[in-house]
*Asks:* 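Quick one: this structure, given as structure tokens, is what I'll be asking you about.
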Amino acid sequence: MTRKFRIQDLVNLVDQSVTIYGWVDTIRDQKSVQFVIIRDETGKVQVVHDRQENPDLAEVIGQLSTDSVVEVTGKVIADERVKLGGLELRVESFKILSKADDLPINEQSNLDKRLDWRFIDLRSRRNQLIFQAQTILENEFRRHCQDEGLIEINSPKLMASPSESRSELFQVKYFDRTAYLAQSPQFYKQMGIASGFPGVFETGPVFRANPSFTSRHDTEFTSLDVEIAWVSSHEDVMSFEERLLRRAIEAIKSSLGPELESEFGTPITVPQLPFPRIPHAEAIRLVKEAGYEIPRSDGDLDPEAERRLSENLMKTTGHEFVFVTDYPSSVRPFYHMRYEDAPTVTKSFDLIWKGLEITTGAQREHRYEILKSQVLDKGLDPQSLDFYLDFFRFGCPPHGGFGLGLTRLLMILLGVANVREVTYLYRGPNRLVP
RNA sequence: GGACCUGUGGUGCAGCUCGGAGUGCACGCCGGCCUGUCAAGCCGGAGGUCGCGGGUUCAAAUCCCGUCAGGUCCGCCA
């Protein structure tokens, strides 16, 4: 009886006849013996055929092309000569299920060409690993939120009015009027708090219409969003997030660590708690003292300052993460809560991992009158925000939350140079296909 | 939106300063050789309007201008 197996199972099936399914990885067609390396998502195995044994089969194997999909039945033999795991499959039958043309890309091809042929690019072990890591990450995010009593929501991505700033919104035709693609679930998350949920979370797409040409931006990406009721400050939110990240990184390291590290060359470090925290004003001072004059005039950190700050703290604390807290209200949105005794400072934070901003969070302003005055303070029109401001008119608990960019997280975790590498199908100003 | 960089067989590069026949390298592909390969090896071969348009010149992949496509950084942000 022949049964179907994954390649990783063959080591336990020596001397048995099995059928495997996979992709042709390498063909070494010699005068008397033919070797074909078959790959599936669990590994690779060598298939061997003595040409004399079956001339018809020899002909089939002679016509093979790389990445064709095949069904191979044979006997598993332990043979020390085989460098690939000391195992091989002696062919009994060999069927081509789907023949492949010559591939338009290989692992040397540049990223843009590989993205044109993403379905082929994703076949590599390296790329499969990225999405295995992503699966664990999203799963741990869900489980952590659930363990902490939060409710999962799926907020709409079609909106009648902009959630924050109109400039970065995509417009879509919506019957006889205009709708916008959500650039954040921010307002709908907060609605959940006003609805009496103990906290909400969501993983979903967000859309940003910015023409940003960098290695860390995309126009559509997955955001991991959290909003928690009854927080007493942004400290509670940071504490939630650092525990979440430690848990997720721990889970990834324990199931994929060695393979990820050998494939990507980036050591995966499970972070210690708590993450270092540094108030914004102190961060600015520290970067200046270290000799960097921030060119921008609004008093915020620029990317270079964030990289330098991160590097500095990695040296002094040995920690890859840093929360920068207490941003000036001038560089934060109207809904971030301000300190009672220092109204130009917000109860907010960014999380920087190895120099890259991966999160923005804050305690939110839940007091209607104060919120409304902050709307006016930012020069916004309260009427256009009526539906949002109403959340705070009928009883709303104190709350806070954050948004975490999935692709940025993966990019830093694996040490790859570009979010495009870790996005299933990247969308940017110059790319809408495939 | 701003600054800078890149575009050469299917893939990755070199050639460009200092103009002289589409020249070279690696991978892949096709054919041949090879009694067990395993980054296979050896021999031979095919494959190119040098992104596109214009200019300078006896002569342009090479110099100049324009244009298109892509990238990096800044701004915006996760």
Side-chain angles (χ1 to χ4, degrees), chain A residues 25-37 44-52 62-63 65-67 77 79-88 90 100-117 120-121 164-165 167-169 183-186 203 205-226 241 294-298 300-307 331-333 349-353 356-361 402-412 417-420 422-423 428-431:
Chain A
D25 196 79
T26 308
I27 306 152
R28 287 189 275 268
D29 189 359
Q30 300 184 98
K31 187 175 190 178
S32 59
V33 194
Q34 298 173 304
F35 299 97
V36 180
I37 309 298
K44 296 180 184 179
V45 69
Q46 170 165 291
V47 165
V48 63
H49 176 243
D50 192 325
R51 275 174 169 277
Q52 291 175 336
Q63 297 301 309
S65 55
T66 303
D67 272 32
I77 300 294
D79 189 325
E80 284 182 3
R81 287 176 296 182
V82 184
K83 292 184 183 171
L84 190 61
L87 278 186
E88 65 185 7
R90 302 261 161 93
D101 287 348
D102 289 346
L103 299 176
I105 54 164
N106 58 41
E107 296 195 0
Q108 269 62 256
S109 301
N110 64 50
L111 183 57
D112 197 49
K113 272 193 184 115
R114 288 193 283 119
L115 293 185
D116 283 339
W117 295 96
I120 296 169
D121 185 43
E164 291 175 50
S165 63
S167 58
E168 59 177 23
L169 287 168
Q183 45 92 268
S184 154
Q186 184 59 37
T203 70
V206 296
F207 304 90
R208 305 280 165 96
N210 298 359
S212 299
F213 303 96
T214 78
S215 58
R216 61 183 189 280
H217 287 90
D218 24 30
T219 51
E220 175 178 354
F221 65 93
T222 303
S223 177
L224 307 183
D225 267 278
V226 167
E241 184 174 14
I294 299 171
R296 61 193 294 164
S297 55
D298 62 2
D300 202 359
L301 298 159
D302 67 0
E304 178 62 19
E306 289 177 342
R307 286 188 286 269
V331 298
R332 295 305 241 196
F349 66 91
D350 276 7
L351 178 58
I352 296 169
W353 188 10
L356 183 68
E357 193 176 318
I358 61 168
T359 281
T360 293
F402 63 90
L404 182 55
L406 177 64
T407 45
R408 286 193 179 179
L409 199 60
L410 282 168
M411 172 182 167
I412 299 299
N418 202 305
V419 288
R420 284 158 236 194
V422 298
T423 306
N430 293 321
R431 183 171 288 275

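Letters A, B, ... are given to chains in the order of the sequence lines, protein chains preceding strands, and every chain is numbered from 1.
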*Asks:* Tell me whether A/Asp112 is salt-bridged to A/Arg420, with the criterion being a basic N under 4.0 Å from an acidic carboxylate O.
*Replies:* no
*Asks:* Quick check against the 3.5 Å criterion: does A/Arg408 have a side-chain atom that pairs as donor or acceptor with the backbone of A/Trp353?
*Replies:*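 Side chain of A/Arg408 to backbone of A/Trp353: no pair is present.
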*Asks:* For B/U37, does either OP1 or OP2 sit under 4.0 Å from a side-chain N or O belonging to A/Lys83?
*Replies:*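 For B/U37, OP1/OP2 do not have a side-chain N/O of A/Lys83 under 4.0 Å.
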*Asks:* Base, sugar-phosphate, or nothing for A/Phe221, non-hydrogen atoms under 4.0 angstrom?
*Replies:*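 Here A/Phe221 touches the bases of the nucleic acid.
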*Asks:* Atom CZ of A/Arg51 and atom C1' of B/C34: how far apart are they, to the nearest Å?
*Replies:*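 Computing the A/Arg51:CZ to B/C34:C1' distance gives 11 Å.
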*Asks:* Hey, is the side chain of A/Ser212 pairing donor to acceptor with the base of B/C76 inside 3.5 Å?
*Replies:* yes
*Asks:* Going by centres under 5.5 angstrom and planes under 30 degrees, do the aromatic ring of A/Phe213 and the base ring of B/G71 stack?
*Replies:* no
*Asks:* Output yes when a side-chain donor or acceptor of A/Arg51 lies under 3.5 Å from a complementary backbone atom of A/Lys31, and no otherwise.
*Replies:* yes
*Asks:* Applying a 4.0 Å non-hydrogen cut-off, can you work out what A/Asp50 is touching in the nucleic acid: base, sugar-phosphate, or nothing?
*Replies:* nothing
*Asks:* Select base, sugar-phosphate, or nothing to describe what A/Asp218 touches, counting heavy atoms under 4.0 Å on all strands.
*Replies:*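 Base, at least one base atom sits under 4.0 Å.
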*Asks:* For a quick check of understanding: with a heavy-atom distance under 4.0 Å over all strands, which category does A/Ile358 fall into, base, sugar-phosphate or nothing?
*Replies:*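 Result for A/Ile358 = sugar-phosphate.
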*Asks:* Rounded to whole Å, how long is the line connecting atom CD1 of A/Ile27 with atom P of B/A39?
*Replies:*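 It works out to 16 Å between those atoms.
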*Asks:* What nucleic acid atoms does A/Glu88 come within less than 4.0 Å of, heavy atoms only: base, sugar-phosphate, or nothing?
*Replies:* base
*Asks:* Please state how far atom CG in A/Asp112 lies from atom C1' in B/U11, giving the value in whole angstrom units.
*Replies:*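 The answer, rounded to whole Å, is 14 Å.
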*Asks:* What interatomic distance, in whole Å, is found between P of B/G71 and the corresponding atom of B/C33?
*Replies:*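 These two P atoms come out 47 Å apart once rounded.
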*Asks:* May I have the distance from A/Glu357 (atom CD) to B/C74 (atom P), rounded to whole angstrom?
*Replies:* 12 Å
*Asks:* Please report the distance, rounded to the nearest Å, between NZ in A/Lys113 and C1' in B/U6.
*Replies:* 12 Å
*Asks:* Give the C-alpha distance, both sets of side-chain angles, the deciding distance and a yes or no for side chain to side chain contact (heavy atoms under 4.5 Å, CB included) between A/Leu103 and A/Ile120.
*Replies:* CA-CA 8 Å; A/Leu103 299 176; A/Ile120 296 169; 4.2 Å; yes
*Asks:* Kindly give the heavy-atom pair with the smallest separation between A/Thr66 and A/Ala100, and that separation in Å.
*Replies:* O-CB, 3.4 Å
*Asks:* Touch check for A/Arg332, heavy atoms < 4.0 angstrom, all strands: base, sugar-phosphate only, or nothing?
*Replies:*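 No contact.
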*Asks:* Can you find a donor-acceptor pair, distance only, under 3.5 Å between A/Gln46 side chain and B/U37 base?
*Replies:* yes
*Asks:* Atom NZ of A/Lys31 to atom C1' of B/G41: distance rounded to whole Å?
*Replies:*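 Distance, rounded to whole Å: 16 Å.
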*Asks:* Whole-Å distance between B/C73 P and A/Leu356 CG?
*Replies:*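 Rounded to whole Å, this separation is 10 Å.
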